[in-house]
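Remember, predicted model here, so these are calculated numbers, not experimental data. Within every chain, numbering begins at 1; the chains are lettered A, B, ... in the order of the sequence lines, protein sequences first and strands thereafter.
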Number of protein chains: 2
Amino acid sequence: MWEEILARYLNEKRLKKSAKRERIIKFFFKVDKHLNVDELYEKLGKKVSRSTIYRTLKLLTKCGLAIEQKFEEKNRRYEPAHLSHHDHFICLKCGEIIEFNDKKIENTQNKIAQKYNFKIVSHKLEIYGYCEKCQKG
Amino acid sequence: MWEEILARYLNEKRLKKSAKRERIIKFFFKVDKHLNVDELYEKLGKKVSRSTIYRTLKLLTKCGLAIEQKFEEKNRRYEPAHLSHHDHFICLKCGEIIEFNDKKIENTQNKIAQKYNFKIVSHKLEIYGYCEKCQKG
DNA sequence: AATGAAATTGAAATTCATTTTCATTATTAT
DNA sequence: ATAATAATGAAAATGAATTTCAATTTCATT
Ligand SMILES: [Mn+2]
Ligand SMILES: [Mn+2]
Ligand SMILES: [Zn+2]
Ligand SMILES: [Zn+2]
């Protein structure tokens with residue numbers, strides 16, 4: 001539960017609660033997508049400054065509740081980290097991001113790593129192309 | 001051969017030859033690694049401005065001779081495109097970049113894409129961790 | 001070789017996302 | 001209520017990449 005993790009983190013770091021921050025975070029978890037700062041800014045009715053959004057997302061990342069994604073765009077996206085590991089399809093037309101997780105790929109990665117004596121810490125697989133809708137349209 | 005491709009491109013676009021550009025490009029292909037603008041600037045003895053290096057790498061990318069890579073760093077890297085498709089191991093300690101290509105991974109990607117009715121255009125697999133040397137050190 | 005149109009260059013200016021600063025406001029422990 | 005400290009937003013700063021522009025170079029045509 002993100003509420004507890006957040007509460008613990010704030011307490012630990014002697015940070016204070018604030019309405020703005022809560023609004024951002026609640027919304028972020030409700031929407032539960034890959035969002036960038038501007039999208040949050042717009043969807044929150046421009047009631048919270050970008051600075052605060054940036055700061056809040058950094059904070060969530062630090063306490064492990066969000067993951068920074070850098071797809072092939074100018075700006076970052078963030079996604080809630082409550083989901084298990086997965087990789088992404090990214091539609092080049094509509095920008096939709098589809099998540100998937102495949103055991104075989106993960107296993108194969110581990111095998112190759114072994115072959116190269118490479119110790120894996122993390123990985124990132126992004127597949128760019130066209131989603132079902134956009135192939136038709 | 002990159003020389004011909006480049007020559008054809010310059011001719012086609014009515015661009016002129018220049019010593020600076022040639023120096024950059026020759027060096028780029030000689031080194032044959034994943035370089036960023038600053039590394040090129042330094043290794044070329046600061047004899048060519050960063051602007052020109054940026055422009056030259058853009059040009060190479062446009063004519064298909066270089067590939068822009070955006071690993072998890074602040075700045076871009078470029079690599080010669082004469083190699084066939086491959087993915088990367090990236091060492092978190094020494095920064096070494098190891099290339100690999102695995103049929104099984106590529107096949108599996110295609111299968112998953114089919115399952116999601118996703119039409120693949122390109123993909124990017126980056127595996128972060130520690131290279132053989134850095135595990136020991 | 002000389003000319004001139006067009007491309008190239010480097011330095012400085014600009015852009016754009018993100019971070020930082022700082023003065024003001026809000027929160028919290030006492 | 002007070003004091004200490006965190007949170008906030010606006011503006012400034014940062015940094016990579018791009019663009020601008022005046023000066024230089026290239027090259028086709030004389
Ligand atoms: Mn995701
Ligand atoms: Mn490579
Ligand atoms: Zn789409
Ligand atoms: Zn290493």
List, with names and distances, any nitrogen or oxygen atoms from the protein found under 3.5 Å away from nitrogen or oxygen atoms belonging to nucleotides 12-16 of chain C.
none

Does any nucleotide pair with D:dT8 by Watson-Crick or G-U wobble geometry, both distances under 3.5 Å, and what is it?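 Pairing partner, where one exists within any strand: C:dA23.
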Between [X] (side chain only) and [Y] (backbone N and O only), is there a donor and an acceptor less than 3.5 Å apart?
X	Y	result
B:Gln135	A:Asn117	yes
A:Tyr78	A:Phe28	no
B:Glu106	B:Lys103	no
A:Asn101	A:His85	yes
B:Gln109	B:His123	no
B:Arg55	B:Arg21	no

If you restrict it to nitrogen or oxygen atoms, what contacts under 3.5 Å exist between nucleotides 26-28 of chain C and the protein, and what is each distance?
unit_1	atom_1	unit_2	atom_2	d
C:dT27	O2	A:Lys16	NZ	2.9
C:dT28	OP1	A:Lys17	N	3.3

Measure up the A:Phe29 and A:Trp2 rings against each other and bin them: parallel (under 30°), tilted (30 to 60°), perpendicular (over 60°).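 A:Phe29 vs A:Trp2 ring planes: parallel.
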I need the [atom1]-[atom2] distance between [X] and [N], as an integer number of Å.
X	N	atom1	atom2	answer
A:Asp38	C:dT18	CG	C1'	12 Å
A:Arg77	C:dT18	CZ	P	11 Å
B:Ile24	C:dT8	CD1	C1'	11 Å
B:Leu57	C:dT8	CG	P	15 Å

Going by heavy atoms in the side chains, are B:Glu79 and B:Gln69 under 4.5 Å from each other?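 Heavy-atom side-chain distance check passes, below 4.5 Å.
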First encountered from the 5' end of DNA chain D, between A:Arg14 and A:Arg50: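 The residue closer to the strand's 5' end, by nearest nucleotide, is A:Arg14.
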Under 4.0 Å from any heavy atom of chain A: name the first and the last nucleotide of DNA chain D that qualifies, 5' to 3'.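 The contact span of chain A on DNA chain D goes from D:dA4 to D:dA11.
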Which part of the nucleic acid, if any, lies within contact of [X], taking any heavy atom under 4.0 Å across all strands shown: a base, the sugar-phosphate backbone alone, or nothing?
X	result
B:Lys47	sugar-phosphate
A:Val48	sugar-phosphate
A:Arg55	base

Close aromatic pair by centroid cut-off 6.0 Å: B:Phe89 and A:Tyr116: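 Yes, close enough.
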For A:Ile53 versus A:Val48, what's the shortest heavy-atom pair and its separation?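 So the minimum-distance heavy-atom pair works out to CD1-O, 4.0 Å.
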Quick one: on DNA chain C, does A:Arg76 or B:Leu59 contact a more 5' nucleotide (nearest heavy atom)?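 So the residue in question is B:Leu59.
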Is it the case that over 12 heavy atoms from other parts of the model lie below 6.0 angstrom from the NZ atom of A:Lys70?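 More than 12 within 6.0 Å, yes.
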